[in-house]
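Read the structure below first, then the notes.
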Amino acid sequence: MKLSVIIVNYNVKYFIEQCLISVYQALQNIESEVFVVDNNSTDGSLELLKTRFPQINLIENKENVGFSKANNQALAVAQGEYALLLNPDTLVEEDTFVKCLDFMDKTADAGALGVKMVNGKGEFLPESKRGLPLPNVAFYKIFGFSKLFPKSKKFSSYHLTHLSPDETNAVDVLSGAFMLMRKSLLDQIGYLDEDYFMYGEDIDLSYRITKAGYKNYYFPETEIIHYKGESTKKGSINYVFVFYRAMQIFAKKHFSVKNAKLFNWLIDFAIWFRAGLAILKRVAVKLFIPAIDFIIVLVGLLAIAFYWDYAILSSKSSGFPDLFYYIIIPSYIVAWLASIAFCGGYKKPIRLSDTNKGILLGTILILLVYALLPESVRFSRAMVVFGAMWTTIALNIIRYAYHKFNIKDMIVTGKSHRRIGIIGKGSELYRIENLLKSFDKRVDYYGFITTNDQEVETSKMIGKLSEIDTIIPTFNLKEVIFSSHDLSIKEIINYMTAWKERGIECRIAPPESQSIIGCNHISSAEALLEENRNLLFRDENLKKKRAFDLISAVLLLISSPITIWLMRRKAGFVTNIFRIITGKRSWIGVCVNYHNTLHDINGVLSPISPYNTLHISNDMRVKIELLYITDYSLSYDLKILLRCFRSLGNP
């Protein structure tokens with residue numbers, strides 16, 4: 001047996017399907033075996049693997065045992081002369097294994113080999129080659145010296161950016177996304193260290209290989225696509241903690257006590273430093289547009305108020321007090337901006353309709369509160385009306401400016417403006433077209449680009465692949481879908497790399513698959529169903545639900561001298577109002593298992609409350625709750641609240 005390929009899968013169903021298709025294409029004429037270790041996936045991966053790839057050696061874990069332990073399970077029974085650890089979100093070229101095995105056979109001191117990796121946009125991934133994370137190396141990376149001096153051997157020693165990505169070199173560390181090793185060497189030095197749950201195990205193994213007298217080679221004569229981060233989001237704060245803790249395990253194991261302490265101190269500092277930066281960046285990004293809005297609206301309202309004060313009120317020997325300028329006007333603006341946020345007006349891409357809905361809602365809320373205020377602090381309804389007019393005009397203008405000047409992530413849009421070119425030939429073009437029609441309704445235009453010069457012309461044919469550089473600007477294509485049935489992975493990578501500066505989104509349609517895979521998203525019938533479900537557990541819906549609870553609780557508290565007499569349990573009604581306001585409860589709760597995860601919201605009522613529970617089976621109860629969470633709306637909450645109004649005092 002020449003080669004054992006080992007892939008650990010966890011909830012990346014469509015990626016592993018595409019990965020295995022490319023693996024088997026590259027394994028032709030190589031004596032090999034393929035292991036897939038599934039870490040208790042819940043996305044249908046097992047069913048797909050068993051039906052589409054019955055030839056694999058499948059290991060089913062009943063829990064997520066982590067990357068290291070899962071790989072070790074397969075390594076313990078692998079029979080190949082070489083063992084390859086491969087991520088499921090990768091695609092290998094047709095000659096990748098042939099080239100890599102040939103290099104290893106000819107290079108006696110090669111203990112392990114990694115290849116050139118690009119992401120789904122064709123961009124080189126610097127983690128293809130790395131140095132050891134020594135204290136000074138970690139310091140240069142954490143504080144940005146490696147980015148400032150990418151060609152310096154001293155400062156760029158983490159990602160080795162001073163070495164050309166197109167030259168073969170011996171390096172300290174290879175990526176676990178593609179790591180080809182001599183099985184006899186692994187049997188000698190040991191497999192992956194299971195102290196690492198995820199991240200760091202490839203650094204540890206690379207280091208032990210070099211300690212055994214062998215070299216780790218970075219080999220760019222072949223490339224793979226690594227979509228990167230489908231199993232874990234690498235920009236998250238959780239990633240920062242997990243990754244740097246892995247570095248601490250490495251230091252404790254391999255450094256001297258003195259160096260380990262220094263390194264651990266540095267890593268502790270790095271964790272909080274990077275986590276703090278991540279939080280600040282996230283807050284700054286989220287608050288940037290609202291802050292601009294606040295300033296613009298404030299300037300306009302102050303101008304209107306000054307004019308109204310001096311031109312209108314002064315003639316009547318009256319005027320606005322300081323309280324109006326310092327408290328009331330900012331409160332108006334906060335109400336408008338909060339309402340815009342509630343209506344999704346700050347969700348990217350920005351939509352004018354959501355902004356205007358928010359301004360209208362905010363105006364209504366301001367007028368309602370205004371009507372409840374004592375006469376002494378009712379200053380001017382006209383200012384509310386003029387303020388709403390100015391807010392509408394100003395925010396629409398600034399959003400049009402975002403759109404006009406094409407400011408990143410601030411595009412005002414009502415449509416997706418997606419123009420797609422499908423590259424392939426024959427029946428595969430029509431298969432991909434039918435896939436698009438079945439699960440992607442937001443396409444403005446698509447055309448066929450043939451790889452076959454003899455292709456019969458149709459109205460959908462916009463040209464030949466040899467003319468692609470002319471076709472893209474002529475038809476203003478924003479996306480391209482490659483048929484991997486008709487183009488090799490090598491050809492696809494070459495096109496992706498060539499277009500990486502042009503902003504073209506590239507996706508791949510694997511043969512006989514019901515999915516289309518891209519860097520930004522997966523398109524499939526199941527993915528579309530999940531996307532179209534208005535899930536209660538989405539952040540925006542949880543925020544809307546909380547806002548509904550809070551507003552309704554405050555209104556019920558204000559009206560409680562009257563409404564309390566309608567309640568069956570009067571003391572419980574008041575108690576529940578305060579529980580809602582403090583966030584301990586929701587008016588409508590749910591306790592249901594969805595996608596093997598228990599979701600529990602403690603509520604006064606439930607989606608079952610409007611029904612006669614004596615005549616509802618458990619099966620029907622589950623269906624009603626699932627419908628509530630998968631097709632959530634505020635109107636549903638309001639309907640339940642009104643129908644069960646007298647039960648709001650329930651314990």
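Side chains included, hydrogens not; waters and symmetry mates left out as well; all remaining heavy atoms used.
- Closest approach of Tyr217 and Ala110 over heavy atoms only: CD1-CB, 3.7 Å.
- Between Ala74 and Val37, the shortest heavy-atom distance links the atoms CB-CG2, 4.0 Å.
- Side-chain N/O atoms of Ser45 and Asn9 include a donor and acceptor closer than 3.5 Å.
- Under the 3.5 Å distance criterion, with hydrogens and angles disregarded, no donor-acceptor pair is assigned to the side chains of Asn216 and Tyr207.
- Within the 4.5 Å cutoff, the side chain of Met496 has heavy atoms near those of the Ile225 side chain.
- Residues Leu192 and Leu205 meet the side-chain proximity criterion, which asks for heavy atoms closer than 4.5 Å.
- Within the 4.5 Å cutoff, the side chain of Asn87 has no heavy atoms near those of the Ile7 side chain.
- Inter-residue side-chain proximity for Met181 and Leu85 is flagged as met; some heavy-atom pair is nearer than 4.5 Å.
- Side-chain polar atoms of Asn61 and Asn40 form no donor-acceptor pair below 3.5 angstrom.
- Aromatic pair Tyr632/Tyr628: ring centres closer than 6.0 Å.
- Under the 4.0 Å criterion applied to side-chain N and carboxylate O atoms, Glu221 and Lys99 are not assigned as salt-bridge partners.
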**Request:** Please test Glu60 against Lys50 for salt bridge (Lys or Arg N to Asp or Glu O under 4.0 Å), starting from the C-alpha separation and ending with a verdict.
**Result:** CA-CA 11 Å; Glu60 300 179 47; Lys50 289 175 181 178; 3.2 Å; yes
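- Across all non-hydrogen atoms, the minimal contact from Ser483 to Ile432 is CB-CD1, 3.7 Å.
- Thr107 places no side-chain N or O within donor-acceptor distance of the main-chain N or O of Met104, the cut-off being under 3.5 Å.
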**Prompt:** Can Lys490 and Glu94 be said to form a salt bridge (Lys or Arg N to Asp or Glu O under 4.0 Å), step by step?
**Reply:** CA-CA 7 Å; Lys490 183 185 291 290; Glu94 288 72 14; over 6 Å; no
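- Taking CG from Leu46 and CG from Asp38, the interatomic distance works out to 4.0 Å, rounded to the nearest 0.5 Å.
- The salt bridge (Lys or Arg N to Asp or Glu O under 4.0 Å) test applied to Lys183 returns Asp187, not counting sequence neighbours.
- Taking 4.5 Å as the limit, every side-chain heavy atom of Ser4 sits out of range of all side-chain heavy atoms of Leu84.
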**Request:** Could you give me the CA-CA distance, side-chain angles and deciding distance for Ile481 and Ile508, then say whether side chain to side chain contact (heavy atoms under 4.5 Å, CB included) is met?
**Result:** CA-CA 5 Å; Ile481 298 174; Ile508 301 173; over 6 Å; no
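- Using a 4.0 Å cut-off between charged nitrogen and carboxylate oxygen, Asp43 and Lys13 do not count as a salt-bridge pair.
- A parallel orientation is assigned to the rings of Trp499 and Phe482, their planes being inclined by less than 30° (bins at 30° and 60°).
- The backbone N or O of Ser513 lies less than 3.5 Å from a partner atom in the side chain of Arg431, making a donor-acceptor pair.
- Side-chain contact between Leu113 and Phe178 is present, with at least one heavy-atom pair separated by less than 4.5 Å.
- A heavy-atom distance below 4.5 Å is not found between the side chains of Asn57 and Val77.
- Listed for the Lys545 side chain is no donor-acceptor partner under 3.5 Å among the backbone atoms of Ser633.
- Under the salt bridge (Lys or Arg N to Asp or Glu O under 4.0 Å) rule, Lys2 has a single partner from Glu81, Glu33, Glu31, which is Glu81.
- Applying the side chain to side chain contact (heavy atoms under 4.5 Å, CB included) test between Phe53 and each of Ile21, Leu58, Val34 identifies Ile21 as the sole match.
- No side-chain donor-acceptor contact under 3.5 Å links Lys121 to the backbone of Thr497.
- Between Tyr227 and Phe15, the two ring planes are perpendicular [angle over 60°; tilted spans 30° to 60°].
- Ion pairing between Asp193 and Arg208 fails under the 4.0 Å rule for side-chain N and carboxylate O.
- Scanning for side-chain contact (heavy atoms from CB on, under 4.5 Å) contacts around His159 gives Pro126, Glu127, Arg130, Lys141, Thr161, with sequence neighbours left out.
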